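Worksheet for the structure shown next.
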Amino acid sequence: MKYKELLIETASKMVKKGKGILAADESNPTCGKRFESIGVDSTFENRNEYRDMLMGADEIENYISGVIMFDETFRQSTTCDDKIKFPEYLSSKGIVPGIKVDKGAKDLAGFQNEKITEGLDGLRERLKNYALLGAKFCKWRAVITINEGIPSEACILSNAHALARYASLCQENNLVPIVEPEVLINGEHSIEVCDTVTRATLKCLFEQLDLFNIYYEGIILKPSMVISGDKNKKRADVNTVAEMTINCLKEMCPQKLGGIAFLSGGQTDEESTSHLNKMNKDNSDLPWRVTFSYARAIQQSALNIWVGKDSNIKEAQLMLSGRAKLCSAASVGEL
Ligand code: 13P
């Protein structure tokens with residue numbers, strides 16, 4: 001099969017109608033923070049057990065098309081007797097295995113409070129290895145912060161450029177890149193400011209993707225929604241978020257993208273599903289599928305039930321499937 005057909009095949013599985021992506025790719029430090037909040041030590045074994053609980057939840061294959069993993073998880077196995085490597089286990093359930101390949105957002109030298117995502121050095125070799133281990137898609141997250149006088153053009157451009165170089169290397173290796181430019185929700189800013197920054201970011205991103213001849217049908221865009229800052233006193237309502245987000249995407253994104261899958265970015269469970277639902281309910285004529293690729297908005301309530309206890313696994317898994325089912329319904333506007 002030619003590389004473009006392979007990319008299209010994977011991308012269309014990832015955004016299949018009624019399904020979305022589970023982001024379970026927290027780095028060890030981020031997983032440590034999540035575990036600290038429930039009083040669980042972030043050990044190799046506990047992380048393995050937690051990811052096993054997520055991926056083993058009943059019926060998730062009905063709502064989840066793909067799972068993004070962190071390097072450690074990608075090499076770990078189910079905890080049952082037959083110990084199946086997670087990529088293989090997911091594939092056997094019809095879920096596409098994916099891998100986070102960036103090395104995290106680091107301080108951008110010369111620009112206070114801004115970040116640049118690292119990880120391009122040696123990426124080609126890492127991608128080849130992940131493909132051999134069963135990965136079909138990758139993720140790279142760029143972070144854009146809103147505050148007084150920022151984001152700077154330097155921050156937007158350097159992150160967009162890195163995303164394009166990453167995407168190009170992924171496609172070279174028949175891996176679908178999830179291209180994630182996250183405009184952070186943190187702050188007092190209005191939804192209008194978020195709209196302006198998101199538009200500037202997407203404009204620059206697609207200029208860079210164009211420059212690198214990225215095959216758009218073979219990427220999944222993972223944007224943040226156009227939304228008020230979390231500390232804004234008059235946060236915009238669901239209708240406004242849905243309408244402004246869709247307008248922004250329609251105006252800034254090419255029509256032939258493989259698909260769009262939002263991050264939840266610190267929205268509550270309720271917000272993340274109602275925004276997605278409204279977008280899909282009111283727009284049956286979008287050029288691309290608009291679905292979810294949530295981490296916290298799918299996992300958080302299950303994590304809070306689990307609290308590291310084997311006796312809570314079943315209940316936590318029920319919660320996880322329940323959240324995935326709601327997100328799935330929202331991805332077709334059926335809530
Ligand atoms: P959240 O849904 O918790 O924002 O995480 C999505 C993600 O993958 C961040 O990179």
Side-chain angles (χ1 to χ4, degrees), residues 11 14-26 63-68 98 100 137-144 146 163 176-186 191 194-195 197-199 201-202 205-206 219-230 235-254 257-283 286-300 323-335:
M14 290 164 70
V15 294
K16 193 168 175 215
K17 195 163 181 217
K19 293 190 184 182
I21 298 163
L22 168 64
D25 60 325
E26 296 82 4
Y63 319 116
I64 300 293
S65 55
V67 174
I68 319 173
K100 167 195 175 78
F137 70 93
C138 301
K139 176 188 122 171
W140 180 289
R141 170 177 178 255
V143 179
I144 309 293
I146 300 181
L163 278 166
V176 169
I178 292 187
V179 172
E180 179 178 2
E182 175 171 6
V183 175
L184 291 180
I185 200 170
N186 309 69
I191 190 168
C194 177
D195 186 48
V197 171
T198 306
R199 283 169 184 265
T201 302
L202 291 175
L205 174 66
F206 284 108
I219 70 170
I220 303 295
L221 178 71
K222 177 163 172 168
S224 35
M225 295 181 192
V226 174
I227 193 166
S228 319
D230 58 353
R235 301 194 71 214
D237 61 14
V238 173
N239 292 352
T240 312
V241 171
E243 193 181 334
M244 287 181 73
T245 302
I246 288 296
N247 286 343
C248 172
L249 294 176
K250 273 187 179 164
E251 286 163 38
M252 304 312 298
C253 300
L257 281 183
I260 295 182
F262 288 106
L263 56 93
S264 60
Q267 296 183 46
T268 62
D269 288 6
E270 169 73 25
E271 285 170 336
S272 70
T273 28
S274 38
H275 291 147
L276 181 63
N277 186 57
K278 185 72 183 155
M279 283 183 229
N280 280 297
K281 207 183 220 27
D282 291 355
N283 298 279
L286 295 172
W288 0 255
R289 268 274 297 148
V290 170
T291 185
F292 60 92
S293 173
Y294 296 160
R296 283 163 287 181
I298 297 185
Q299 292 182 48
Q300 192 62 46
R323 280 297 304 150
K325 190 174 182 179
L326 278 176
C327 292
S328 150
S331 82
V332 284
E334 279 176 6
L335 271 187

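Everything numeric here is computed off the predicted structure, so don't read it as measured data. What's counted below: heavy atoms across the whole structure, side chains too, no hydrogens, waters or symmetry copies.
Two residues are said to be in side-chain contact when any heavy atoms from C-beta on lie closer than 4.5 Å; Ser264 and Asp269 fail this criterion. Considering only heavy atoms from C-beta on, Leu276 comes within 4.5 Å of Ser331 through its side chain. Between Leu249 and Met279 there is no side-chain heavy-atom pair separated by less than 4.5 Å. Annotation: side chain of Lys250 is in contact with side chain of Ile246 (closest heavy-atom distance under 4.5 Å). No side-chain heavy atom of Thr198 sits less than 4.5 Å from a side-chain heavy atom of Pro223. Glu271 is not listed as a side-chain neighbour of Val241, based on a closest heavy-atom distance of 4.5 Å or more. Using a 4.5 Å heavy-atom cutoff, the side chains of Val290 and Asn283 are not in contact. In this structure, Asp230 and Asn186 have side chains that are in contact, with non-hydrogen atoms separated by less than 4.5 Å.
Without hydrogens or angle criteria, Thr201 side chain to Val197 main chain gives a donor-acceptor distance under 3.5 Å. Judged by distance alone, the side chain of Trp288 and the main-chain N or O of Ile220 form no donor-acceptor pair under 3.5 Å. Side-chain atoms of Arg235 come within 3.5 Å of backbone atoms of Ser228 as a donor-acceptor pair (strictly under, hydrogens ignored). In this structure, Ser224 contributes its side chain and Val183 its backbone to a donor-acceptor pair below 3.5 Å. Side-chain atoms of Arg323 come within 3.5 Å of backbone atoms of Ala297 as a donor-acceptor pair (strictly under, hydrogens ignored).
Scanning both residues, Asn280 and Ala330, for their nearest heavy atoms gives ND2-O, 3.3 Å. In terms of heavy atoms, Val332 sits closest to Gly18 at CG1-N, 3.7 Å. Contact detail for Cys248 and Asp195: the closest heavy-atom pair is CB-OD1, 3.8 Å. Nearest heavy atoms, Lys100 versus Ile68: N-CG2, 3.8 Å. Here the closest heavy-atom approach between residue Leu205 and residue Pro181 is recorded as CD2-CG, 3.8 Å. The shortest heavy-atom contact between Ala329 and Leu335 is CB-CD2, 3.8 Å.
Inspection of the Ser272 and Arg296 side chains reveals no N or O donor paired with an N or O acceptor under 3.5 Å.
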Before giving the answer on side chain to side chain contact (heavy atoms under 4.5 Å, CB included), spell out for Thr291 and Ile21 the whole-Å C-alpha distance, their side-chain angles and the decisive distance to 0.1 Å. CA-CA 8 Å; Thr291 185; Ile21 298 163; 5.9 Å; no

Between Ser65 and Val15, does a side chain to side chain contact (heavy atoms under 4.5 Å, CB included) hold up when you go through it step by step? CA-CA 7 Å; Ser65 55; Val15 294; over 6 Å; no

Leu257 and Ile219: CA distance, side-chain angles, deciding distance, side chain to side chain contact (heavy atoms under 4.5 Å, CB included) verdict: CA-CA 6 Å; Leu257 281 183; Ile219 70 170; 3.7 Å; yes

Working note: Leu22 + Tyr63, criterion side chain to side chain contact (heavy atoms under 4.5 Å, CB included); need CA distance, chi angles, decisive distance, verdict. CA-CA 9 Å; Leu22 168 64; Tyr63 319 116; over 6 Å; no

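Test Lys139, Lys222, Glu180 against Ser293 for side chain to side chain donor-acceptor pair (under 3.5 Å) and you get one pass: Lys222. Considering Ile64, Thr273, Leu326 in turn, Ile64 is the only one that fulfils the side chain to side chain contact (heavy atoms under 4.5 Å, CB included) rule with Phe292.
Distance check: Glu182 CD to Ile144 CD1 gives 10.0 Å after rounding to the nearest 0.5 Å. A distance of 10.0 Å separates OG1 of Thr240 from NZ of Lys278, quoted to the nearest 0.5 Å. One finds the CD atom of Gln267 at 5.5 Å from the NE2 atom of His275 (value rounded to the nearest 0.5 Å). For the atom pair CZ (Phe262) and CG (Leu221), the distance works out to 8.5 Å, reported to the nearest 0.5 Å. With rounding to the nearest 0.5 angstrom, the CG atom of Asn277 is 9.0 Å from the CG atom of Asp282. Note that CG of Leu263 and OH of Tyr294 are 8.5 Å apart. Values are rounded to the nearest 0.5 Å.
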